[in-house]
Amino acid sequence: MTLQTMLTTLASGMLKSIMIYALTLLGSLPLGMLVAFGRMSKCAPLRLIIKFYISVMRGTPLMLQLMVVFFGPYYLFKLNLGSDYRFMAVIIGFVINYAAYFAEIYRGGIESIPVGQREAAQVLGYSRASAFLRVILPQVIKRIIPAVTNEMITLVKDTSLAFAISYSEMFTMAKKIASSQATLLPFVVAGVFYYIFNFAVAYGMERLEKRLSYYR
Amino acid sequence: MDGGSRKPYETDGYAVMNLLEMNGIKKAFGGLSVLEDISISVSEGEVVAIIGPSGSGKSTLLRCATLLETIDSGDISYLGKAAARTEGNGVVYAEPAELKQIRGYFGLVFQSFNLFPHFSVLKNLIDAPIKVQKREKAEAVEEAMALLRKMGIEDKKDAYPCQLSGGQQQRVAIARALALKPKILFFDEPTSALDPELTGEVLKVIRRLAEERMTMVIVTHEMGFARAVADRVVFMDGGHIIEQGDPKEIIDNPRHERTRAFLRKLER
Ligand SMILES: Nc1ncnc2c1ncn2[C@@H]1O[C@H](COP(=O)(O)OP(=O)(O)OP(=O)(O)O)[C@@H](O)[C@H]1O
Ligand SMILES: [Mg+2]
């Protein structure tokens, strides 16, 4: 295997890792908000169900969750979901896992906003929805950026867990090449890739944090 | 201003519709009864000061009047429109559309300002007029600037609340409430969170509003201010209105022992 083919193979793995990353955020950031609302709902049964869901997501290994999502439909329901399902399973597994973490971050953020903010908005005539969107949410976003950044950095590294169900992302490819070619080079490339990826994420989030630092 | 020359509760023969009417208000938190059968009405142009010891239910009364707290029993109406009324043994609040209209009648100034920290001063003033009342932006800005001028802080229009002193923040909060053109403005200890040297600037703008005959209900511990500005003083204790009337009479010659005890304590 030439260096060129090795790098091309690794590059396709990188693209897939980035894809997992982007789709996971796209799904879990908004889903986390819904989960947070459920967690804070006045309806006790809903609140309990959501609480249980969050505790399972945070209390079991993500790798195991990926396997359950991927193999579950077949073993439990004898469903054959075709070859595209591997990627779907990766995304579903990551999204439902990260949504649980984001939900708890959102909840903490929402509960940290002084109740006077909501009351002021209510007296000024804002509807519940616009009070949340215009008054509460912008302040929540500012407060949770550090915690969200943490999760986003962890997610970069977690994308490698997709190897558990043999999805051909960066780490899976590196491992494959390393063992067939007896070289550590793919791991070096992978390490550099994850580091640069995280560097970019951290940089972007820092910029966002600065942009929101115009008020306390 | 001379409170004696103005007696809004004398009607000179014609009927005055009360701006605010609260009747038989009861409110308990858990087992703790905080308001016990409170009735109070406020007519247009009247300035009412509510005084009383800590825990007597003053804030709770304002929170019930401004619909932040639901009452257990009684009636609340603004300009004859029922916001809440007792039917049988339950309280019925008006329909959402009607409540929205009623909310437009009053404003509330909080002890802790509660400005929106992510909005500039100007945006704090224009956001609700534009988003809630659907007013034109240009008009809202113009009126907001006039209010800031009146409050003496027009140069702060682009500042953020965290860059202002407490006294300036409270004046912004008053302007924010006025920007919605309420018919009645409630204040819950508007100067209690301020350093003594800053209370004066806030009391001055409230006094000026009183001179313009803005209807106001002010919970305050500033007896000198209540005496000078209010048309009527209401003394509350233990969830009851103990006595009310002309500020000078109540403050200088209280009839009830509890009022006397309260005022004596303040002097010390
Ligand atoms: N949300 C609440 N839950 C439980 N108890 C409450 C609540 N709000 C007020 N109380 C209680 O109701 C009583 C009256 O409180 P309130 O704040 O109306 O008094 P206040 O006259 O405004 O006193 P202060 O002068 O200290 O502001 C107090 O005993 C208070 O602890
Ligand atoms: Mg109070």
Side-chain angles (χ1 to χ4, degrees), chain A residues 29-30 32-33 36-37 40-44 102 105-149 204-216, chain B residues 59 62-63 65-69 96-97 99-121 123-135 158-164 169 172-173 175-182 184-188 193:
Chain A
L29 284 170
M33 192 54 84
F37 284 143
M40 296 183 292
S41 161
K42 280 198 203 92
C43 166
F102 286 135
I105 293 174
Y106 293 156
R107 182 169 72 93
I110 291 170
E111 286 175 352
S112 78
I113 305 296
V115 63
Q117 291 289 307
R118 192 163 321 181
E119 292 183 347
Q122 187 183 326
V123 174
L124 290 169
Y126 290 89
S127 65
R128 279 176 62 115
S130 64
F132 180 75
L133 293 175
R134 299 194 64 74
V135 176
I136 308 298
L137 187 59
Q139 300 183 58
V140 169
I141 289 173
K142 178 184 165 83
R143 287 185 190 207
I144 63 175
I145 283 180
V148 168
T149 304
M205 293 306 280
E206 203 175 307
R207 287 281 303 268
L208 184 59
E209 202 172 342
K210 279 225 179 75
R211 259 186 54 184
L212 293 178
S213 67
Y214 64 89
Y215 73 92
R216 255 182 294 135
Chain B
S59 295
L62 286 203
R63 292 172 58 80
T66 52
L67 311 179
L68 286 174
E69 216 70 78
L99 281 183
K100 190 177 172 191
Q101 188 188 13
I102 290 170
R103 280 205 174 88
Y105 293 157
F106 60 76
L108 171 62
V109 175
F110 298 84
Q111 180 175 347
S112 52
F113 329 135
N114 294 341
L115 291 175
F116 301 140
H118 56 305
F119 286 169
S120 70
V121 165
K123 179 115 175 166
N124 263 285
L125 265 63
I126 63 172
D127 198 65
I130 293 172
K131 299 293 168 190
V132 175
Q133 295 185 332
K134 312 286 178 210
R135 301 229 300 265
D158 295 319
Y160 285 87
C162 62
Q163 299 164 323
L164 304 180
Q169 288 189 52
V172 174
R176 177 177 72 172
L178 289 171
L180 289 166
K181 304 186 176 172
I184 178 171
L185 199 48
F186 296 92
F187 295 78
D188 192 359

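Per chain, numbering begins at 1; letters A, B, ... match sequence-line order. Everything quoted here is computed from the prediction, not taken from an experiment. Heavy atoms only: backbone and side chains are in, while hydrogens, waters and symmetry mates are out.
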Can I get a per-line list of side-chain donor-acceptor pairs under 3.5 Å for residues 107-120 of chain B, giving both atom names and the distance, sequence neighbours left out?
| residue | atom | partner | partner atom | Å |
| --- | --- | --- | --- | --- |
| B/Ser112 | OG | B/Asn114 | OD1 | 3.3 |
| B/Asn114 | ND2 | A/Gly116 | O | 3.4 |
| B/His118 | NE2 | A/Arg134 | O | 2.8 |
| B/Ser120 | OG | B/Lys123 | N | 3.2 |

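- Listed in order of number, the residues of residues 205-216 of chain A that approach chain B to under 4.5 Å between heavy atoms are A/Tyr214, A/Tyr215, A/Arg216.
- Residues forming a salt bridge (charged side-chain N to carboxylate O under 4.0 Å, His left out) with A/Arg107 (at least two apart in sequence, or on another chain): A/Glu104, A/Glu111.
- By the side chain to side chain donor-acceptor pair (under 3.5 Å) test, A/Tyr126 pairs with B/Asp127, sequence neighbours left out.
- B/Gln133 places no side-chain N or O within 3.5 Å of a backbone atom of A/Gly125 that could act as its donor or acceptor partner.
- Within the 4.5 angstrom heavy-atom criterion, only side-chain atoms of A/Gln139, from C-beta onward, approach chain B.
- Only the side chain of B/Arg63 has a heavy atom closer than 4.5 Å to any heavy atom of chain A.
- B/Leu67 and A/Gln122 get closest at one heavy-atom pair: O-NE2, 3.2 Å.
- Contact annotation for B/Leu180: only side-chain heavy atoms (C-beta onward) come within less than 4.5 Å of a heavy atom of chain A.
- Between B/Val132 and A/Leu124 the shortest side-chain heavy-atom distance does not fall below 4.5 Å.
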